[in-house]
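Accompanying notes for the structure given below.
Computed over heavy atoms, backbone and side chain alike; hydrogens, waters and symmetry mates excluded. Treat the numbers as computed from the prediction; the structure is a model and nothing was measured.
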Amino acid sequence: SLRLPHGAGDLEVTMTLTNTTAAPLTPRVKIHPEFAAPGKAAPELYLKRDGTWEPIKLAWLPELTRLPGSSGLAGGSIKPTGASAWAWRVPKGRLKLINRFDPDEPEHLFYFYRRADQLLNMELVPAQTPLAPGETRTLHSTYSITKERLKKL
């Protein structure tokens, strides 16, 4: 579900998975939003682990650059152990796109940036252990935009 409370700046995203079958089922879904990242400079990625923001070096994908239109791709997986948020800093406008989550819910975070389209993704992958029949798993997340310095957040 998506929820934008009146007067609030955070978009709340909740994904609830329930196995309604009679057999264990592995969830093969994720929260997969895509955002505009205007400007020629690549955005910077940060992870808030144990209360401190740390930069994440983007993994550029040179093996894909031979495909038409794929020049300037970055992507990778981050294990969220001890993390409660991550953020893209978009140099143009000095904006930060922050995604907060419950540290115990996602199994992986996955980022993707495509320079040609000036687009980025902040994906949250739930635990991939099978859900037993009738079992439910939930992933809570919020997205916000700010000009505040990350050290203050």
Side-chain angles (χ1 to χ4, degrees), residues 1-38 42-61 64 70 72-91 93-115 117-153:
S1 69
L2 299 173
R3 185 171 169 259
L4 185 59
H6 180 70
D10 293 351
L11 173 64
E12 299 172 4
V13 179
T14 304
M15 181 173 65
T16 302
L17 309 167
T18 303
N19 182 356
T20 59
T21 71
L25 185 64
T26 301
R28 299 283 183 212
V29 297
K30 59 187 171 184
I31 296 176
H32 178 92
E34 187 170 87
F35 301 95
E44 300 162 356
L45 185 60
Y46 295 86
L47 182 70
K48 190 172 190 177
R49 192 184 307 271
D50 300 321
T52 303
W53 288 101
E54 59 186 59
I56 301 294
K57 184 177 176 164
L58 297 183
W60 292 96
L61 307 171
L64 297 178
S70 66
L73 292 173
S77 180
I78 300 170
K79 191 74 172 160
T81 306
S84 59
W86 58 334
W88 283 102
R89 180 185 170 273
V90 180
R94 291 185 265 165
L95 296 174
K96 287 87 178 172
L97 172 62
I98 300 170
N99 174 222
R100 292 179 177 86
F101 51 87
D102 182 316
D104 296 325
E105 292 178 346
E107 183 172 287
H108 287 283
L109 308 175
F110 186 80
Y111 69 89
F112 185 79
Y113 169 67
R114 184 172 175 169
R115 186 186 318 263
D117 297 326
Q118 298 180 349
L119 295 175
L120 56 87
N121 296 77
M122 298 180 88
E123 302 175 6
L124 286 89
V125 180
Q128 294 297 293
T129 54
L131 288 163
E135 184 180 5
T136 297
R137 184 172 299 150
T138 303
L139 192 58
H140 300 88
S141 177
T142 62
Y143 294 86
S144 60
I145 297 174
T146 185
K147 285 190 175 186
E148 289 288 327
R149 294 183 58 156
L150 289 177
K151 289 183 180 186
K152 293 182 178 183
L153 302 171

Quick one about T129 and R137 (side-chain donor to acceptor, distance below 3.5 Å, no hydrogens or angles considered), yes or no?
yes
Do N19 and T21 meet the criterion of a side-chain donor-acceptor pair at a distance under 3.5 Å?
yes
Quick one: does [X]'s side chain get under 4.5 Å of [Y]'s, heavy atoms only?
X    : Y    : answer
E44  : P55  : no
Q128 : P27  : yes
E107 : K79  : yes
V125 : P106 : no
V13  : L124 : no

Point-to-point distance, once rounded to the nearest 0.5 Å, from [atom1] of [X] to [atom2] of [Y]:
X    : Y    : atom1 : atom2 : result
M15  : S141 : CE    : OG    : 9.5 Å
E123 : H108 : CD    : NE2   : 12.5 Å
T14  : L139 : OG1   : CG    : 8.5 Å
F112 : L119 : CZ    : CG    : 9.0 Å
R89  : L150 : CZ    : CG    : 8.5 Å
N121 : H32  : CG    : NE2   : 4.5 Å

Are any side-chain N or O atoms of Y143 and backbone N or O atoms of P33, one a donor and one an acceptor, separated by less than 3.5 Å?
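It does not hold such a pair.
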Which atoms form the tightest heavy-atom contact between L131 and T136, and what is the distance?
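Residues L131 and T136, closest heavy atoms: CD2-C, 4.2 Å.
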Quick one, L109 with L47, criterion side chain to side chain contact (heavy atoms under 4.5 Å, CB included). Give me CA distance, side-chain angles, the key distance, then yes/no.
CA-CA 10 Å; L109 308 175; L47 182 70; 3.8 Å; yes
Does the plane of the ring in W60 sit parallel, tilted or perpendicular to the ring in Y113? Use 30° and 60° as the thresholds.
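Ring orientation, 0 to 90° scale: perpendicular.
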Passes side chain to side chain contact (heavy atoms under 4.5 Å, CB included), I145 versus F35? Steps please.
CA-CA 11 Å; I145 297 174; F35 301 95; over 6 Å; no
